Amino acid sequence: MKIGIGNDHTAVEMKQVISEYLIKQGYEVVNFGTDATDSCDYPIYGERVGRAVTSGEVDCGILICGTGVGISIAANKVQGVRAAVCSDVTTARLVKEHNNANILAFGARIVGVETAKDMVDAYLSAVFQEGRHAQRIAMIHEIESGMNCYAKKG
Ligand code: RB5
């Protein structure tokens, strides 16, 4: 499996630790993030990973900024991205099982390295549960593409 990883300046070390952890497990990791600790703009890296995921260049993504929020908001502006910010292992599992999240995001200022590794494991080993969850994801993509407006339907 090929994983795209992206980060801003707050998460250079976390990105390196997580990348090495994944490579040791046999994953192919593509680095879309910054390797410099000078202040930079997280939307660049969120968009890069988002586009790599939706184009099929990578199978899924991992995004890390200070909180995981800004970089995931940016990624979620790319059509077809479902980036989920997590700070615990249960959520990291459920975002794959229920939301089929194609990007796991977290904050280098929020979670420690061991929690981050456990979240990555939980996310990558979980399986999307399809059924009603697939129907809800289809609804999200209808909203995103302008095909449908559920807000008007009461
Ligand atoms: C950078 O200072 C910080 O704002 C960024 O890493 C992230 O937390 C934004 O959501």
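Only heavy atoms go into these numbers, but all of them, side chains included; no hydrogens, no water, no symmetry mates. Residues take their numbers from the sequence shown, with the count starting at 1. Just so it is clear, the structure is predicted and the values come from calculations on it, not from any experiment. Numbering of ligands and ligand atoms starts at 1, following listing order.
- The distance criterion of under 3.5 Å between nitrogen or oxygen atoms is met by G70 with respect to ligand 1.
- A chain of hydrophobic side-chain contacts below 4.5 Å, direct or via other Ile, Leu, Val, Met, Phe, Trp or Tyr residues, connects M119 to Y27.
- For ligand 1, the polar-atom distance check against V69 finds no nitrogen or oxygen pair separated by under 3.5 Å.
- Cluster membership for I71 and V111, using ILVMFWY side-chain heavy atoms within less than 4.5 angstrom, is not shared.
- Between the side chains of N7 and Y42, no donor-acceptor pair is found at a separation under 3.5 Å.
- L63 is not connected to I23 by any chain of hydrophobic side-chain contacts under 4.5 Å among Ile, Leu, Val, Met, Phe, Trp and Tyr, and they are in different clusters.
- Here the protein heavy atom with the shortest distance to atom 6 (O) of ligand 1 is D8 OD2, 2.6 Å.
- Nearest non-hydrogen protein atom to atom 7 (C) of ligand 1 is C65 SG, 3.4 Å.
- For atom 4 (O) of ligand 1, the closest heavy atom belonging to the protein is Y42 CE2, 4.3 Å.
- Residues V113 and I62 are members of one and the same hydrophobic cluster, defined by side-chain heavy-atom contacts under 4.5 angstrom among Ile, Leu, Val, Met, Phe, Trp and Tyr.
- Of all protein heavy atoms, the one closest to atom 8 (O) of ligand 1 is T67 N, 3.0 Å.
- Linking Ile, Leu, Val, Met, Phe, Trp and Tyr residues whenever their side-chain heavy atoms come within less than 4.5 Å places M1 and I5 in a single cluster.
- Atom 3 (C) of ligand 1 has as its closest protein heavy atom R109 NH1, 4.0 Å.
- Shown in contact with G66 at under 4.0 Å from a heavy atom are these atoms of ligand 1, numbered in order with element: 5 (C), 6 (O), 7 (C), 8 (O).
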